[in-house]
Amino acid sequence: MKKRVLIDLHILKYPYCGLGQIAWNYARWFRDSYTPDDNIEVTLLVPAKYKGAFGDKVKYQTGGLLRRWFPVLFPKYDVWHSTDQMPRFLPYSKDTKYVITVHDLNYEYEESGSRLERARRRIKSLLLRSDSIICISEFTKSEILRFASYAKEKPMEVVYDGVESLTGKEAVSPAAVKGGKPFFFTIGEVRKKKNFHVLLDVMKKFPEYELYIAGALTSEYPEYIRQRLDKETIKNVTLLGKVSTEEKVWLYKNCTAFFFPSLFEGFGLPVIEAMQFGKPVFCSDKTSLKEIGSDKAWFWTDFEPDYMVEVVKKGLEEYITNPSLSEIIERYGKSFTYEKNLQALFALYRRLIGV
């Protein structure tokens, strides 16, 4: 009899958040690339409207309020994998091997008071219930050992995120792009932790370039940036807001370099996306970025404007005078595949259930 593995992709309900995008890429992989295993029956836990949407090589399970509060209504599975570290649904049977992917512990920096305590209690219950913890970077693993030392005896495995291949997709120029002028690019939800404001002083030193910042404008932070742009008469920085996949591809494909001064990243997906196009990446050395960028990126160790500018100028000179760098960077960026990611996950499932 086949062993039954459930993979929780219910976060598909929110397709435009980072975890929602990861779930979409998993679902598409099962639709387009999955070869069924003779010993494992895969079930995807999805919102009701996606039941059957990803082919007939997998089975489907849906959630709902009753199953959230009464998990005994779910069938029994041999392995249950929560790809979202704050899942809505959990297995009821203690015999089910439980796997959880931890992306980051950013709540330790972003929350306080009762909200912080709730987040800590929630993650503690999940990690203590788990039979195996997947960390998306060595940095994330170190954060668990730092903030959740009670879980240090749990088996932990670092499995880097897969990154969707973008280079073959259609590219469309955003309407706000000023034609003919070279530009730098960055992307991410425009929040304080992304640290985009440090780029404003940098761009004063690059009047011949534009900077386009793409990402949802959902907090007070974008208004702070706008006020600085107006007050300091910075004309070569544009907040694009959300962009389509086609626009994002065009921006990666045509930028001179990619900037990413973020302070908190469990992985740093945009760094790898930019590298798929062979672009020079300049990013902070904070949290996971030094690890993920490896020796294929140029790093800012602090955010003093003149220093940042010097790093960019030297990096661009190195990149331009060494034509092989583009190919080296591109090859590295394209190595973060979902095929590799899923192979590691299935190897873990097999170890847990002995097949």
Taking only Lys NZ, Arg NE, NH1 and NH2, and the carboxylate oxygens of Asp or Glu, determine whether Glu108 and Arg146 approach each other closer than 4.0 Å. no
Glu339 and Trp29 side chains, donor-acceptor separation under 3.5 Å: yes
How about NZ on Lys194, more than 12 heavy atoms from neighbouring residues, nucleotides or ligands closer than 6.0 Å, or not? yes
Kindly indicate, with the supporting measurements, whether the criterion salt bridge (Lys or Arg N to Asp or Glu O under 4.0 Å) is fulfilled by Glu41 and Lys3. CA-CA 6 Å; Glu41 176 186 276; Lys3 299 293 187 178; over 6 Å; no
Looking only at non-hydrogen atoms, find the nearest pair between Phe267 and Leu289 and report the distance. O-CD2, 4.1 Å
Decide yes or no for Leu352 and Val99: does some side-chain heavy atom of the first lie under 4.5 Å from some side-chain heavy atom of the second? yes
Say whether Tyr349 and Asp78, considering side chains only, have a donor N or O and an acceptor N or O under 3.5 Å apart. no
Donor-acceptor pair, side chain of Ser284 and main chain of Lys286, under 3.5 angstrom: yes
So, Glu220 and Lys192, do they make that salt bridge, N to O below 4.0 Å? no
With distance as the sole test, does Glu210 use its side chain to make a donor-acceptor pair with the main-chain N or O of Pro182 at under 3.5 Å? no
Are Lys178 and Phe183 in a cation-pi setup, meaning NZ or CZ lies under 6.0 angstrom from the ring centre and within 45 degrees of the ring axis? no
Exactly one candidate in Lys51, Arg67, His10 meets side-chain hydrogen bond (donor to acceptor under 3.5 Å, both in side chains) with Gln61; the answer is Arg67
Over all heavy atoms of both residues, which pair between Leu12 and Pro47 is shortest? Give the atoms and the distance, please. CB-CD, 3.9 Å
Any sub-3.5 Å donor-acceptor pair from Lys340's side-chain atoms to Ser335's backbone N or O? yes
Using distance alone, with no hydrogens and no angle criterion, decide if Glu291 and Tyr160 have a side-chain donor and acceptor under 3.5 Å apart. yes
Pair Phe89, Trp80 - check ring-ring contact (aromatic ring centres under 6.0 Å, His included), show working. CA-CA 10 Å; Phe89 304 101; Trp80 182 297; 7.9 Å; no
Between Glu273 and Tyr252, a side-chain donor and acceptor under 3.5 Å: yes
Side chains of Cys135 and Val159: does their closest heavy-atom pair fall under 4.5 Å? no
In this structure, NZ of Lys124 is separated from CD of Glu117 (nearest 0.5 Å) by 10.5 Å
Whether the Ser82 and Asp84 side chains hold a donor-acceptor pair (N or O, under 3.5 Å, no angle test) is what I'd like checked. no
Suppose we screen for side chain to side chain donor-acceptor pair (under 3.5 Å). Which residues come up paired with Arg191, at least two apart in sequence or across chains? none
If I take atom CZ from residue Phe184 and atom CG from residue Leu211, how far apart are they, to the nearest 0.5 angstrom? 8.5 Å
Is a side-chain donor or acceptor of Ser137 paired with a backbone partner of Gly266 at a separation under 3.5 angstrom? yes
Which heavy-atom pair separates Leu19 from Ile11 by the least distance, and what is that distance? O-CG2, 3.5 Å
Sub-4.5 Å side-chain heavy-atom contact between Pro155 and Ile133: no
Assess the side chains of Ser262 and Glu265: does a donor N or O sit below 3.5 Å from an acceptor N or O? yes
Report the distance from atom CZ of Arg4 to atom CD1 of Ile353, rounding to the nearest 0.5 Å. 12.0 Å
Please check if the side chain of Lys154 supplies one atom and the backbone of Ser130 the other of a donor-acceptor pair under 3.5 Å. yes
Are Ile144 and Val102 side-chain neighbours, meaning at least one heavy-atom pair lies under 4.5 Å? yes
Side-chain H-bond candidate by donor/acceptor type, Tyr98 with His81, under 3.5 Å: no
According to the ring-ring contact (aromatic ring centres under 6.0 Å, His included) rule, which pairs have a member within residues 306-332, sequence neighbours left out? Tyr332-Phe336
Can you check whether His103's main-chain N or O pairs, donor with acceptor, with Thr140's side chain at less than 3.5 Å? yes
Can you tell which of Phe277, Phe258, Phe260 makes a ring-ring contact (aromatic ring centres under 6.0 Å, His included) with Phe185? Phe258
Main chain of Ile234, side chain of Lys204: is a donor-acceptor contact present, judged purely on distance under 3.5 Å? no
Apply ring-ring contact (aromatic ring centres under 6.0 Å, His included) to residues Phe346 and Tyr34 and explain how you reach the verdict. CA-CA 11 Å; Phe346 271 84; Tyr34 176 55; 5.8 Å; yes
Asn106 side, atom CG; Gln85 side, atom CD - distance, nearest 0.5 Å: 8.5 Å
Strictly distance-based, threshold 3.5 Å: is any side-chain N or O of Tyr221 a donor or acceptor partner for the main-chain N or O of Phe196? yes
Please determine whether a side-chain nitrogen of the Lys or Arg among Arg120 and Glu111 lies less than 4.0 Å from a carboxylate oxygen of the Asp or Glu. no
Given side chains that start at C-beta, do those of Leu263 and Phe303 come closer than 4.5 Å, heavy atoms only? yes
Testing the 3.5 Å rule here: is there a donor-acceptor pair between the side chains of Glu318 and Trp298? yes
Do Ile225 and Leu239 come within less than 4.5 Å of each other through their side chains, counting heavy atoms only? yes
Indicate, with yes or no, if the rings of Phe54 and Phe30 have centres closer together than 6.0 Å. no
Take Lys141 and Glu157 through the salt bridge (Lys or Arg N to Asp or Glu O under 4.0 Å) test and state the conclusion after the steps. CA-CA 8 Å; Lys141 181 178 178 179; Glu157 186 166 337; over 6 Å; no
In terms of side-chain geometry, is the basic nitrogen of Lys313 or Glu317 positioned less than 4.0 Å from the acidic oxygen of its partner? no
In sequence, state the C-alpha distance, the side-chain angles, and the governing distance for Tyr26 and Asn341, and then conclude on side-chain hydrogen bond (donor to acceptor under 3.5 Å, both in side chains). CA-CA 10 Å; Tyr26 278 144; Asn341 177 276; 2.9 Å; yes
Counting N and O atoms only, with roles assigned by atom type, does the side chain of Tyr209 sit under 3.5 Å from a partner on the main chain of Lys181, one being a donor and the other an acceptor? no
For Leu240 and Ile213, run side-chain contact (heavy atoms from CB on, under 4.5 Å): C-alpha distance rounded to whole Å, both residues' side-chain angles, the deciding distance at 0.1 Å, then the answer. CA-CA 6 Å; Leu240 295 175; Ile213 302 174; over 6 Å; no
Could you give the distance from CZ (Arg228) to CZ (Arg226), rounded to the nearest 0.5 Å? 15.0 Å
Point-to-point distance, once rounded to the nearest 0.5 Å, from CD of Glu110 to CG of Asp104: 7.5 Å
For the pair Arg129 and Asp131, evaluate salt bridge (Lys or Arg N to Asp or Glu O under 4.0 Å) and give the outcome as yes or no after the intermediate values. CA-CA 7 Å; Arg129 167 65 181 88; Asp131 294 280; 3.6 Å; yes
Going through the checks in order, is the salt bridge (Lys or Arg N to Asp or Glu O under 4.0 Å) test met by Asp37 and Arg350? CA-CA 11 Å; Asp37 190 299; Arg350 292 188 189 97; 2.8 Å; yes
Tell me if a side-chain donor or acceptor on Asn236 pairs with a main-chain N or O of Phe206 at a distance below 3.5 Å. yes
Can a side-chain donor-acceptor contact be found between Ser173 and Glu247 if the only test is distance below 3.5 angstrom? no
